[in-house]
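Read through the structure below, which is laid out as structure tokens, and then see the notes.
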Amino acid sequence: MTVRQFKVWRGDSAGGQLVNYDVDVNEGEVVLDVIHRLQATQEPDLACRWNCKAGKCGSCSMEIDGMPRLACMTRMSTFEEDETVTITPLRTFPVIRDLVTDVTFNYIKARETPAFAPPKDVAPGDYRMQQVDVDRSQEFRKCIECFLCQNTCHVVRDHEENKAAFSGPRFFIRAAELDMHPLDARTDRKEYAQKEQGLGYCNITKCCTEVCPEHIKITDNAIIPMKERVVDRRYDPLVRLGRKILRRDQLEQEAVAVTTLHPAHPTPQTDGTAPINWHRELTPPMGADVDEKGHLPLNELLSDRVGANSPFGDDVEFPVDPTKLNYYHPEQKH
């Protein structure tokens, strides 16, 4: 047993400060063990949220030396013996007391996210899925809702004004999971993610992926594919041309637009554009050269400007094989 130095944030919503402590640490212990010993020996009123101590409940989320982590999964052996370990609450969410924060924001966004819509022509208990479809969404089902990704996302963390319009990475993977689900009856998951969840705010810095304790590839396997699908549906020039032609034919037929997501609130109309009915299937672009799967051909984009690292990996050559553009992380060449 050795004595280690810690700085722990003590306070509440009115304010607080870092307090220095010397705590005994045994070999093999984690930060949550230290907090429990601190409660037992020095500070019985220290508030800390925890439950399973096995990295599966997501309750003990906090910031340790400035990095969002689970206290039960952060071993003391990762720090130098003469290092002072700083423990603070998640800084994105309001502090209730000491290391406990109010994560109500996330539960509000969870309630706003449309739930799975079962197919009408299949009775409960008769659902059947291919194993490949199960495997595709299984990665996102590993989420333990620790909200570390929500905490580290700078769109929420640094801009309070974004919280109303931005759901965050935890709910982007939920949208991606439902969008790829073969039994989900909704056809507007991508549009909802863009219009209501603020998918366009994300600039894919991958900070959410870096802090995920379940190692979910949030950016590569959920956010980027969702962004690509939104672009295909909403911003591709050929698709937009097809949509404009379709809208022109529907102007006289649809007087009022009501979304399937929020029936009580008609979709705002601007510049005399046609009303939007999220429930209908879009007509494919006219004259587009598509393959048997309905995908547009990919052309190599040439530029004399140096861009950021490719989300597909540094060793991938372009144009990318369209058959490999899916929710799986691209295979690395060794």
Side-chain angles (χ1 to χ4, degrees), residues 1-107 143-154 156-160 163 168-170 205-216:
M1 179 177 292
T2 59
V3 177
R4 305 283 291 271
Q5 290 73 44
F6 296 86
K7 286 186 177 180
V8 182
W9 197 90
R10 302 297 309 276
D12 52 27
S13 58
Q17 61 182 347
L18 288 171
V19 181
N20 294 312
Y21 296 101
D22 292 335
V23 186
D24 293 331
V25 177
N26 293 320
E27 183 178 359
E29 288 188 330
V30 296
V31 171
L32 187 58
D33 292 321
V34 175
I35 294 175
H36 287 168
R37 183 170 292 114
L38 182 59
Q39 290 173 324
T41 60
Q42 301 181 47
E43 297 289 355
D45 61 341
L46 173 63
C48 172
R49 183 185 287 128
W50 72 284
N51 188 19
C52 74
K53 204 190 174 193
K56 293 302 178 183
C57 73
S59 299
C60 61
S61 300
M62 57 188 67
E63 295 192 10
I64 303 171
D65 277 0
M67 174 67 73
R69 306 172 185 259
L70 294 178
C72 70
M73 299 300 290
T74 305
R75 295 196 173 276
M76 289 301 303
S77 59
T78 60
F79 307 103
E80 299 294 335
E81 289 192 5
D82 59 348
E83 179 181 355
T84 299
V85 180
T86 302
I87 306 174
T88 57
L90 300 177
R91 68 180 66 180
T92 299
F93 308 112
V95 173
I96 297 177
R97 181 180 168 189
D98 298 338
L99 302 177
V100 178
T101 55
D102 183 0
V103 293
T104 301
F105 164 81
N106 301 290
Y107 295 108
C143 176
I144 60 176
E145 295 199 327
C146 60
F147 303 129
L148 293 181
C149 62
Q150 299 284 89
N151 175 70
T152 196
C153 179
H154 62 276
V156 179
R157 184 173 185 143
D158 299 333
H159 305 279
E160 185 70 23
K163 285 189 174 182
R170 188 276 169 269
T205 57
K206 299 190 179 183
C207 51
C208 53
T209 301
E210 292 178 1
V211 300
C212 179
E214 288 294 320
H215 307 292
I216 302 173

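Since the model is a prediction, treat every value here as computed from it, not as a measurement.
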Nearest heavy-atom pair of [X] and [Y]: which atoms, and what distance?
X      : Y      : answer
Phe105 : Lys163 : CE1-O, 3.3 Å
Ala71  : Val30  : O-CB, 3.7 Å
Cys60  : Cys72  : SG-N, 3.4 Å
Cys149 : Pro169 : O-CG, 3.6 Å
Asn51  : Ser59  : CB-OG, 3.7 Å
Gly58  : Ser61  : O-OG, 3.1 Å

(request) Could you go through the ring-ring contact (aromatic ring centres under 6.0 Å, His included) check for Phe6 and Phe79 one step at a time? (result) CA-CA 11 Å; Phe6 296 86; Phe79 307 103; 8.4 Å; no
Are side-chain heavy atoms of [X] and [Y] found at a separation under 4.5 Å?
X      : Y      : answer
Pro213 : Ile144 : yes
Val3   : Val23  : no
His36  : Trp50  : yes
Arg97  : Asp45  : yes
Val19  : Lys7   : no
Asp24  : Thr2   : no
Pro68  : Arg157 : yes

(message) Against Ile35, only a single residue in Val8, Leu99, Asp98 fulfils side-chain contact (heavy atoms from CB on, under 4.5 Å); can you say which?
(response) Leu99
Could you grab the distance from atom [atom1] of [X] to atom [atom2] of [Y], nearest 0.5 Å is fine?
X      : Y      : atom1 : atom2 : answer
Leu18  : Arg10  : CG    : CZ    : 11.5 Å
Thr74  : Met62  : OG1   : CE    : 8.5 Å
Arg69  : Ile64  : CZ    : CD1   : 6.0 Å
Met73  : Lys53  : CE    : NZ    : 11.5 Å
Arg4   : Glu29  : CZ    : CD    : 10.5 Å
Cys153 : Asp158 : SG    : CG    : 9.0 Å

Just by distance, do the side chain of [X] and the backbone of [Y] share a donor-acceptor pair under 3.5 Å?
X      : Y      : answer
Gln39  : Leu46  : yes
Thr92  : Asn151 : yes
Arg170 : Cys143 : no
Thr152 : Leu148 : no
Asp102 : Pro94  : no

(message) One thing to verify: whether Arg37 and Glu43 come together as a salt bridge, which I'm taking to mean a side-chain N less than 4.0 angstrom from a carboxylate O.
(response) no
(message) Using side chain to side chain contact (heavy atoms under 4.5 Å, CB included), reason through Gln42 and Tyr21 one step at a time and then give a plain yes or no.
(response) CA-CA 9 Å; Gln42 301 181 47; Tyr21 296 101; 3.5 Å; yes
(request) Could you check Gln150 against Leu90 for side chain to side chain contact (heavy atoms under 4.5 Å, CB included), going step by step and ending with a plain yes or no? (result) CA-CA 10 Å; Gln150 299 284 89; Leu90 300 177; over 6 Å; no
(request) Evaluate the side chain to side chain contact (heavy atoms under 4.5 Å, CB included) criterion for residues Met1 and Val25: first the C-alpha distance (whole Å), next the side-chain angles of each, then the deciding distance (0.1 Å), finally the verdict. (result) CA-CA 5 Å; Met1 179 177 292; Val25 177; over 6 Å; no
(request) Evaluate the side chain to side chain contact (heavy atoms under 4.5 Å, CB included) criterion for residues Thr86 and Trp9: first the C-alpha distance (whole Å), next the side-chain angles of each, then the deciding distance (0.1 Å), finally the verdict. (result) CA-CA 8 Å; Thr86 302; Trp9 197 90; over 6 Å; no
